[in-house]
Q: 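Pasting in a structure now, in structure tokens, and then I'll have a few things to ask.
Atoms considered below: every heavy atom in the structure, side chains included; atoms not considered: hydrogens, waters and symmetry mates. Since the model is a prediction, treat every value here as computed from it, not as a measurement.
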Amino acid sequence: MRDKKGLPVLVVLVLIFLVAAAGGITFLVKRHTPTKEHMDKNEYYGITAEDQVALVINGYVSETQGKMIDGVVYIDYDTVSNYINPRFYWDQENQMMIYALPTEIVEADLSQDSADYHMVDGQVYLSIDLVRNYTDMDCTVLDSPNRVVIQNRWDEIRQTTVSRDVAVRYRGGIKSPILTEIAAGTSLWVLDESLGDWIGVTTEDGYTGYIETSDAGEITDRPNEHVSQAPEYSGSARDYKINMAFHQTTSQAANEAVDVMLEQVSGVNVIAPTWYFIDDTSGSLYDLSSSVYVETVHNMGMEVWAVLNDFDGGIASREETYTVLKNTESRRKIIRTLMDSILASGIDGVNVDIEKVSEECAPHYLQFIRELSVSCRNNGIVLSVDNYVPREYSAYFNRKEQGIVADYVVIMGYDEHFSGSDEAGSVASLPFVEEGIIRTLEEVPAEKIINAIPFYTRIWLTDNSGMVSSTACGMDEAEAFLADNSLETYWDKETSQNYAELQNEDGYYQIWLEDAASIEEKMKLIQNYGLGGVAEWKLGFEQPQIWEIIEDYL
């Protein structure tokens with residue numbers, strides 16, 4: 001016989017179980033039910049004032065906002081320069097905006113009222129119409145909230161088409177608030193495929209968020225249907241490989257001896273004499289040009305590309321180079337003086353060897369190259385620009401921009417170890433040279449790259465106290481050092497150079513030779529990578545047989 005008193009207890013236990021189960025089910029349902037909460041659009045775009053305009057650039061929301069002034073959208077200069085079009089150049093000192101087009105330089109004086117520009121709290125803003133006029137971009141202005149969707153990137157774009165109506169969420173996860181909802185069949189730009197169950201996307205109207213991977217169709221390369229509106233910075237690049245020999249000249253006497261200097265030279269089609277030096281921070285030039293020299297070289301079937309530098313004249317520091325290039329008038333003074341001399345002497349090209357460029361100076365240096373390119377283009381003068389072998393710390397030289405506005409980008413493929421190095425080593429090992437070529441190719445087309453090779457080496461001495469010093473010498477002098485010391489060389493596979501060493505009472509001597517064998521290995525690289533040519537530093541350091549090797553590989 002059952003205990004009837006136990007029944008209520010059992011009922012209570014069952015009820016408790018049922019309530020708990022229901023609660024658990026409710027919890028699970030809530031946990032796995034997507035939220036329908038919509039994110040506040042102003043909060044999403046960071047808009048806190050009525051005159052602010054959100055900027056969505058290549059799918060990403062900018063941390064800065066534009067301004068709505070009299071119904072027109074304006075974007076601050078820094079954002080335009082850094083993310084949209086770096087060719088707008090702001091001259092703070094003269095309150096002037098400058099833009100270098102292929103054949104003209106456009107200026108705007110911001111001290112005058114203009115619909116194209118506004119000054120807000122000391123900051124320059126450019127109208128969206130002005131930016132669009134000079135920029136290769138697609139641009140859509142939208143409201144509720146006010147935003148501008150800009151696209152100026154056309155490569156490596158991925159897309160997907162959603163299979164059903166979906167919500168684009170702020171973050172990956174069903175509990176993240178909804179940014180916008182899109183219909184089945186809509187195509188989205190894919191930004192991030194790394195999250196597994198979610199992919200990062202952006203919509204045509206400027207919302208960047210996440211959708212579930214299961215809702216996406218096949219991810220494919222997006223067809224590039226954009227018709228470029230970019231101006232064409234054509235120039236005077238040659239339709240043959242360049243073989244340019246640098247001729248270091250520091251006096252008119254050196255000019256007069258050019259025919260003797262070139263007696264044993266063969267295969268060279270360009271001579272680059274070091275003729276122009278920036279003499280002071282006002283932009284004055286020290287000029288060694290000679291029309292007689294030019295005529296002599298022309299009669300030998302070669303062109304003259306005169307060199308402009310910032311270290312053999314009156315200025316020789318980063319601070320002075322910055323001072324002269326940041327000033328619009330001093331930049332233009334250099335260009336006027338340079339072009340007058342070039343045209344008067346019959347010179348065919350200019351080679352810019354400005355090396356003392358700090359990161360602060362970089363925008364002004366690039367503007368100088370742009371402005372000089374306009375004068376060169378209008379006068380049929382070849383423009384080439386010298387650069388160190390690329391490193392992360394010199395990325396601000398912006399070889400990509402140089403490669404667009406100039407005819408040639410020259411890699412100075414030497415000084416891997418230099419006079420101030422604290423350890424002995426090769427001037428230009430093959431891996432060092434190849435790395436410079438590969439990195440430059442990431443920014444500049446092969447046909448616009450000239451790789452400069454050294455005709456010099458260094459005799460290194462580590463003395464008995466551990467101090468390291470070196471002496472630069474040409475090929476004949478290096479060979480004489482080997483002979484005088486009865487030294488034998490062996491082939492160093494790591495550097496692709498002949499190497500010798502000597503221990504005596506002075507200390508430990510080392511030399512990595514630049515000779516026919518090392519030059520041939522470098523020429524193989526230039527040929528294999530399809531570069532636009534080779535340059536050599538410098539005339540007088542070579543042995544005659546070197547020219548035949550170079551010519552064979554061009």
Q: Side chains of Ser429 and Thr495: do they bring a donor and an acceptor to under 3.5 Å?
A: no

Q: Any luck finding a side-chain donor-acceptor pair between Tyr553 and Glu520 under 3.5 Å?
A: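 The answer is yes; a qualifying pair exists.
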
Q: Output, in order, the C-alpha distance, side-chain angles, deciding distance and verdict of side chain to side chain contact (heavy atoms under 4.5 Å, CB included) for Gln402 and Val444.
A: CA-CA 8 Å; Gln402 291 181 34; Val444 183; over 6 Å; no

Q: Between Phe246, Tyr293, Tyr286, Trp305, which is the residue that forms a ring-ring contact (aromatic ring centres under 6.0 Å, His included) with Trp275?
A: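 For Trp275, the ring-ring contact (aromatic ring centres under 6.0 Å, His included) check succeeds only for Tyr293.
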
Q: May I ask you to test the Ile105-Tyr89 pair for a side-chain heavy-atom distance under 4.5 Å?
A: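 The answer is no; the side chains never approach within 4.5 Å.
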
Q: Return the minimal non-hydrogen interatomic distance between Ser470 and Trp460, and the atom names on each side.
A: CB-CE3, 3.4 Å

Q: So, Tyr509 and Asn485: side-chain donor and acceptor under 3.5 Å apart, yes or no?
A: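 There is no such pair between these side chains.
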
Q: Can you tell me if CD on Glu548 sees more than 12 non-hydrogen neighbours from other groups inside 6.0 Å?
A: no

Q: Can you check side chain to side chain contact (heavy atoms under 4.5 Å, CB included) on Gln151 and Thr202, steps first, answer last?
A: CA-CA 12 Å; Gln151 182 180 340; Thr202 189; over 6 Å; no

Q: Indicate yes or no: at least one non-hydrogen side-chain atom of Asp515 is less than 4.5 angstrom from one of Thr489.
A: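 In short, these two side chains do not touch, never coming nearer than 4.5 Å.
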
Q: Between CD of Gln503 and CG of Asn464, what distance do you get to the nearest 0.5 Å?
A: 7.0 Å

Q: Dump the intermediate steps for side chain to side chain contact (heavy atoms under 4.5 Å, CB included) on His247 and Val297, then the final yes or no.
A: CA-CA 12 Å; His247 182 198; Val297 172; over 6 Å; no

Q: Got a donor-acceptor contact below 3.5 angstrom from the Ser62 side chain to the Thr64 backbone?
A: yes

Q: Working to the nearest 0.5 Å, report the span between CG of Asn309 and CD1 of Ile315.
A: 9.0 Å

Q: Tell me whether the count of non-hydrogen atoms from other residues, nucleotides or ligands lying under 6.0 Å of OH in Tyr83 goes above 12.
A: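 Open: at most 12 neighbouring heavy atoms sit under 6.0 Å from OH of Tyr83.
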
Q: For Arg153, is there any backbone N or O sitting under 3.5 Å from a side-chain donor or acceptor partner on Asn58?
A: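 Yes; at least one donor-acceptor contact below 3.5 Å.
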
Q: Whether the Asn378 and Thr103 side chains hold a donor-acceptor pair (N or O, under 3.5 Å, no angle test) is what I'd like checked.
A: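 No, Thr103 and Asn378 have no side-chain donor paired with an acceptor closer than 3.5 Å.
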
Q: What's the spacing between Lys333 NZ and Ile278 CD1 if we round to 0.5 Å?
A: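 That separation rounds to 11.5 Å.
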
Q: Charged N to carboxylate O below 4.0 Å: is that the case for Lys326 and Glu93?
A: no

Q: Tell me whether Asp221 is salt-bridged to Arg158, with the criterion being a basic N under 4.0 Å from an acidic carboxylate O.
A: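 Salt bridge flag = yes for Arg158 with Asp221.
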
Q: Ignoring hydrogens and geometry beyond distance, is a side-chain donor-acceptor pair present between Glu256 and Gln252 at under 3.5 Å?
A: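 Gln252 and Glu256 do not have a side-chain donor-acceptor pair below 3.5 Å.
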
Q: Starting from the C-alpha separation in whole Å, work towards a yes-or-no answer on side-chain hydrogen bond (donor to acceptor under 3.5 Å, both in side chains) for Tyr77 and Gln123.
A: CA-CA 8 Å; Tyr77 166 72; Gln123 193 169 21; over 6 Å; no

Q: So do the side chains of Asp506 and Asp463 get within less than 4.5 Å of each other, counting heavy atoms only?
A: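 No, side chains not in contact.
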
Q: Is there a side-chain contact between Leu539 and Leu262, using heavy atoms and a 4.5 Å cut-off?
A: yes

Q: Arg377 side chain to Val405 main-chain N or O, any donor-acceptor pair under 3.5 Å?
A: yes

Q: Can you find a heavy atom in the side chain of Asp279 that is under 4.5 Å from one in the side chain of Leu285?
A: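 No, every pair of side-chain atoms sits at 4.5 Å or beyond.
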
Q: Heavy atoms, side chains only, cut-off 4.5 Å: are Thr79 and Ile57 in contact?
A: yes

Q: Would you please say whether a donor-acceptor pair under 3.5 Å links the side chains of Asn85 and Thr135?
A: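 There is such a pair (donor and acceptor under 3.5 Å, judged by atom type) between the side chains of Asn85 and Thr135.
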
Q: For the rings on Trp547 and Phe455, is their centre-to-centre separation under 6.0 Å?
A: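 Yes, the ring of Trp547 comes within the 6.0 Å limit of the ring of Phe455, centre to centre.
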
Q: Do we see a donor-acceptor contact under 3.5 Å between the side chains of Tyr276 and Ser341?
A: yes

Q: Which pair of heavy atoms, one from Ile411 and one from Gly436, lies closest together, and at what distance?
A: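 Closest heavy-atom pair between Ile411 and Gly436: CD1-O, 3.7 Å.
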
Q: Do Asp310 and Leu325 have side chains that get closer than 4.5 Å, going by heavy atoms?
A: no

Q: Can you name the closest pair of heavy atoms from Val385 and Ala406 and give their distance?
A: CG2-CB, 3.9 Å

Q: Does a side-chain heavy-atom distance below 4.5 Å link Tyr393 with Glu359?
A: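 They are not in side-chain contact.
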
Q: State, without any angle test, whether Gln92 and Trp90 hold a side-chain donor-acceptor pair at a distance under 3.5 Å.
A: yes

Q: Could you grab the distance from atom NZ of Lys448 to atom CG of Asp407, nearest 0.5 Å is fine?
A: 6.0 Å

Q: Sub-3.5 Å donor-acceptor pair from the side chain of Thr249 to the main-chain atoms of Ser251, do we have one?
A: no

Q: Calculate, to the nearest 0.5 Å, the distance between atoms CG and CZ belonging to Asp476 and Phe541 respectively.
A: 10.5 Å

Q: Out of Arg458, Lys522, Gln543, which residue meets the side chain to side chain donor-acceptor pair (under 3.5 Å) rule with Glu514?
A: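 Looking at Arg458, Lys522, Gln543, the match for Glu514 under the side chain to side chain donor-acceptor pair (under 3.5 Å) is Lys522.
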
Q: Would you call Arg336 and Glu329 a salt bridge, taking side-chain N to carboxylate O under 4.0 Å as the test?
A: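 The answer is yes: the pair qualifies as a salt bridge.
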
Q: For the pair Glu360 and Arg318, evaluate salt bridge (Lys or Arg N to Asp or Glu O under 4.0 Å) and give the outcome as yes or no after the intermediate values.
A: CA-CA 10 Å; Glu360 182 183 25; Arg318 286 187 164 201; over 6 Å; no

Q: May I ask you to decide whether Glu435 forms a salt bridge with Arg391, counting only side-chain N to carboxylate O separations under 4.0 Å?
A: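 So Glu435 pairs with Arg391 through a salt bridge.
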
Q: Atom CG of Asn379 and atom CG of Leu343: how far apart are they, to the nearest 0.5 Å?
A: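 Output value for this atom pair is 4.5 Å.
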
Q: Indicate whether any N or O donor in one side chain lies under 3.5 Å from an N or O acceptor in the other, for Glu501 and Tyr508.
A: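 Yes, because at least one side-chain N or O of Glu501 sits under 3.5 Å from a partner of the opposite role on Tyr508.
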
Q: Does Gln545 have more than 12 heavy atoms from other residues, nucleotides or ligands lying within 6.0 Å of its CD?
A: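 Yes.
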
Q: For Thr328 and Gln367, what are the C-alpha separation, side-chain angles and deciding distance, and is it a side chain to side chain contact (heavy atoms under 4.5 Å, CB included)?
A: CA-CA 9 Å; Thr328 296; Gln367 183 64 13; over 6 Å; no

Q: Are there over 12 heavy-atom neighbours, none belonging to Gln264, within less than 6.0 Å of that residue's CD?
A: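 No - once you tally the heavy atoms of other residues, nucleotides and ligands closer than 6.0 Å, there are 12 at most.
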
Q: Quick one: closest heavy-atom pair of Ala100 and Arg370, and the distance?
A: CB-CB, 3.8 Å

Q: Distance only, no hydrogens: is a donor on one side chain within 3.5 Å (strictly under) of an acceptor on the other, for Asp136 and Asn152?
A: no

Q: Is it true that a side-chain atom of Thr321 and a backbone atom of Ser317 form a donor plus acceptor pair closer than 3.5 Å?
A: yes

Q: Which heavy atom of Val389 sits nearest to which heavy atom of Gly413, and what is that distance?
A: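 Smallest interatomic distance, heavy atoms only, reads CG2-CA, 3.9 Å.
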
Q: Report the C-alpha distance between Glu521 and Lys524 in whole Å, list the side-chain angles of each, state the deciding distance to 0.1 Å, and finish with yes or no for salt bridge (Lys or Arg N to Asp or Glu O under 4.0 Å).
A: CA-CA 5 Å; Glu521 293 303 308; Lys524 288 177 183 177; 3.1 Å; yes

